[in-house]
2 protein chains.
Amino acid sequence: MKPSLQMIAERAGVSTATVSRALNDRAGVNPETREHILQIAREMGYTPSMAARGLATSRTHNIGFITYKYHPQPITSYHVEIAQGIDDEAQQRGYHVITRFVDNAMMLDGQRLALITEQRIDGLILVGPALSPAFIIELYNSGVPLVLVDNMLQETKIDAIVCDNADGTYQITQHLIQSHGLRRLAFFSGPAHWFSSRERRSGYERALHEIGEAPRLVFMDETTVSTGYAAMLSALEQYPDLQGVVAVNDATALGAIRACKEQGRRVPQDIAVVGFDNVAWGPLHEPPLTTVGMFKHEIGVQAARRLIDVIERGATSTYQLRLGVELIVRESCGCPPSERDPLGAS
Amino acid sequence: MKPSLQMIAERAGVSTATVSRALNDRAGVNPETREHILQIAREMGYTPSMAARGLATSRTHNIGFITYKYHPQPITSYHVEIAQGIDDEAQQRGYHVITRFVDNAMMLDGQRLALITEQRIDGLILVGPALSPAFIIELYNSGVPLVLVDNMLQETKIDAIVCDNADGTYQITQHLIQSHGLRRLAFFSGPAHWFSSRERRSGYERALHEIGEAPRLVFMDETTVSTGYAAMLSALEQYPDLQGVVAVNDATALGAIRACKEQGRRVPQDIAVVGFDNVAWGPLHEPPLTTVGMFKHEIGVQAARRLIDVIERGATSTYQLRLGVELIVRESCGCPPSERDPLGAS
DNA sequence: AAGTTTATCGTAAGCGCTTACGAATATCGT
DNA sequence: ACGATATTCGTAAGCGCTTACGATAAACTT
């Protein structure tokens, strides 16, 4: 029989109210009796029933982690790392995370998430640029605390944690320009309505603008290996004198490189290709991928931290955090092999 | 104000008991009143509060998904695909999944999971071979329904969903033997106490035994790119006449290939290397990786299905399901390039 | 010393649901 | 037509916790 507040109260010779106060560190209980109660609770191995506490307080100590159900599977461990960051912070603060993958059908026509209507969660973290704005806004309007990750709805005032996408592409484009003397560079962009695509594109454009070069854009409706492959074929045709490609992410960069190889263009000698995300297999690829890394674990931690803060203390103003990124130079940009970390992190 | 059972009862002019019965499809309510009640519930957009229901029934409709917090990040999307399978099945049956990453510290000395003591979940799915048997057994003894994935405790009678590891390595080893005429093959094994390592090793050994060849084993204490790399160096030294390597998973296969390249051994011409897992970047590697694929999504679905069955109907006998695997022939075994699916799935 | 504040703790209601039990009514047998 | 059985539904208790409120006692005031 699992010990209840009731049982502890009897054993300690006090009322359940006092036990509750003692256990929750609330004022109004004598230090001695408090200690006594805690002692007994410890002995009996007491842990509160979250259902009961939730019913009484209408707080669950659960947070939702919503992400898009990519199909096919993306090639990255992106979500896992963010999820770990979230879980680390959540665990530390006594929360638990419920994961839900949503697809397009579920985002349609006001499908309220069961998570919300059943009051299973105190707040939600929405990850990725593929979640539709309509869906996000509807969740927002339902009143649950919300934090966006890797996405931002500019018009609204929804909290968001993103990495500095523009700075990332700016840095990596500059690297191609300054370290390798390349000028005729294309950008392979994802859907224009994706936040990260837009931002990454802007960083690339700024770098090109600074040297007075016209941007060369290729748009893809997804950001996978195959769309990267197709984009490269189209780019080679459209811009015969192309010197390099800044891809919106690593998966498309990889597809692009594959296309180059098949077309007899050597990477990086004939054409440089760089990505964004720093996926785990980047160092193992041939050539090893030059890319921009984001601190995924940290992003998760920050998202959870903000969400829990809002849940517990309420929100005053909007919180939109932009975390820095790191340029990761390997060989696909034209740099020589490096000694350090030839196998990557894992 | 969120509609409650109470409010529906008033509107319908019946008691809450009747509403509850109607909503839960229980017997003892007139078809007409039932329809009337359902109608009103629909109009008011009613969804039950899980906290209240949970308190009354001591069932949460939450299941836990516990996995090891690998560090560094593994190079595979393994967990994500399984998680999606689990979530798909869970969602369909009205369950939600709480994910928790555990590390060695948390598995130590009888740390009861808060998930259990706080009664947040009705059952648990434990994924991966890295969770310690002591930890698993303790959870098991606490009485929560349990399903193991990619792991199995032979002595106990804990439910498990695994893939046919032995058959996988048997098939792939046979492929090296029969299609490529190789005989002097090594197996790179993970920790011997890992279930999947043991099984995979046994398939390899069976294939070698059939041709009367002695097994060549190299043990690694982890199964990462770097341990694969180190294992290859050691194998080349130990077995100068080595013709091929069956690696316990793709990450180690990749590390092994990297080592070969650095040692001036061509893969697959001088030495064949094959893996297990069919990670997403396999087709993009040079050479494209020959490997064994498991149906990760299906594994997740089956695990969730079994778990929920046990939760709802109780367990009679042990359920240990072994799902088939598929041999995926690419080029690292020595086969010629294939036309189909050059970019892989994504 | 009487009134005022403060600390401690119990009483009891309530969170939103489920469910045993019994009452009322309807259906069936003969 | 009368008792026996089945169906429908309300009453009320209870799940394990929190919390407003009030009672009591202790510690201050001037």
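So you know, we letter chains A, B, ... as the sequences are listed, proteins then strands, and number each from 1.
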Atom CG of Leu55(B) and atom P of dG14(D) are separated, to the nearest Å, by 14 Å

Just how far, in rounded Å, is P of dT18(C) from CZ of Arg59(B)? 12 Å

Report yes or no: does Asp87(B) contribute a side-chain atom to a donor-acceptor pair with the main-chain N or O of Phe101(A) at less than 3.5 Å? yes

At less than 4.0 Å, is any side-chain N or O atom of Arg26(A) found next to OP1 or OP2 of dT19(D)? Yes or no. yes

Rounded off to whole Å, could you give me the CE-to-C1' distance for the Met44(A) and dG16(D) pair? 14 Å

In whole angstroms, how far is the P atom of dG16(D) from the CD atom of Glu10(A)? 12 Å

Closer than 4.0 Å, any side-chain N/O of Arg53(B) to the OP1 or OP2 of dT18(C)? yes

In whole Å, what is the span from the NE2 atom of His36(B) to the P atom of dC9(D)? 12 Å

Under 4.0 Å, heavy atoms only, any strand: does Pro31(B) hit a base, just the sugar-phosphate, or nothing? sugar-phosphate

Compare side-chain N and O positions of Thr18(A) against OP1 and OP2 of dG10(C) and report whether any pair is under 4.0 Å apart. yes

Side-chain atoms of Leu5(A) come closest, of dC17(D), dG16(C), dG10(D), to dC17(D)

When you get a sec, tell me which of dC9(D), dA12(D), dT18(D) is the closest nucleotide to the side chain of Thr16(B)? dA12(D)

Output the rounded distance in Å from CG (Leu23(B)) to P (dC9(D)). 14 Å

Less than 4.0 angstrom between a side-chain N/O of Thr33(A) and OP1 or OP2 of dC9(C), yes or no? yes

Between dT8(C) atom P and Glu35(A) atom CD, what is the distance in whole Å? 15 Å

Just by modelled atom types, is the Arg26(B) backbone N or O under 3.5 Å from a matching donor or acceptor in the Asn24(B) side chain? no

Would you say dG16(D) has OP1 or OP2 under 4.0 Å from some side-chain N or O of Ser4(A)? no

Tell me which of Ala52(B) and Arg21(B) sits closer to the 5' end of DNA chain C, going by the nucleotide each one is nearest to. Ala52(B)

Thr60(B) and Asp122(B): side-chain donor and acceptor closer than 3.5 Å? yes

Between Thr18(A) and Val14(A), is there a donor-acceptor pair closer than 3.5 Å when you use the side chain of the first and the backbone of the second? no

Identify whether NZ of Lys or CZ of Arg in Lys2(B) sits under 6.0 Å from the centre of the six-membered ring of Tyr46(B) and within 45° of that ring's axis. yes

On DNA chain D, compare the nucleotides closest to Ser20(A) and Arg34(B); which residue's is nearer the 5' end? Arg34(B)

Tell me which nucleotide among dC17(C), dT18(D), dC9(C) gets nearest to the side chain of Tyr46(B). dC17(C)

Return yes if a side-chain donor-acceptor contact under 3.5 Å exists between Glu298(B) and Gln302(B), otherwise no. yes

Within the side chain of Thr318(B), is there an N or O that forms a donor-acceptor pair under 3.5 Å with the backbone of Lys157(B)? yes

Look at the side-chain N and O atoms of Thr57(A) and state whether any lies under 4.0 Å from the OP1 or OP2 oxygen of dT18(D). no

Arg120(A) atom CZ is separated from dC17(C) atom C1', nearest whole Å, by 14 Å

Five pairs at each end of the helix from dA2(C)-dT29(D) to dT30(C)-dA1(D): take the axis at both ends and give me the angle between them to 10°. 40°

In chain order, what residues pass the side-chain hydrogen bond (donor to acceptor under 3.5 Å, both in side chains) check against Ser58(B), with sequence neighbours excluded? none

Minimum-distance nucleotide (side-chain atoms of Asn30(B) versus dG14(C), dT8(D), dA12(D)): dT8(D)

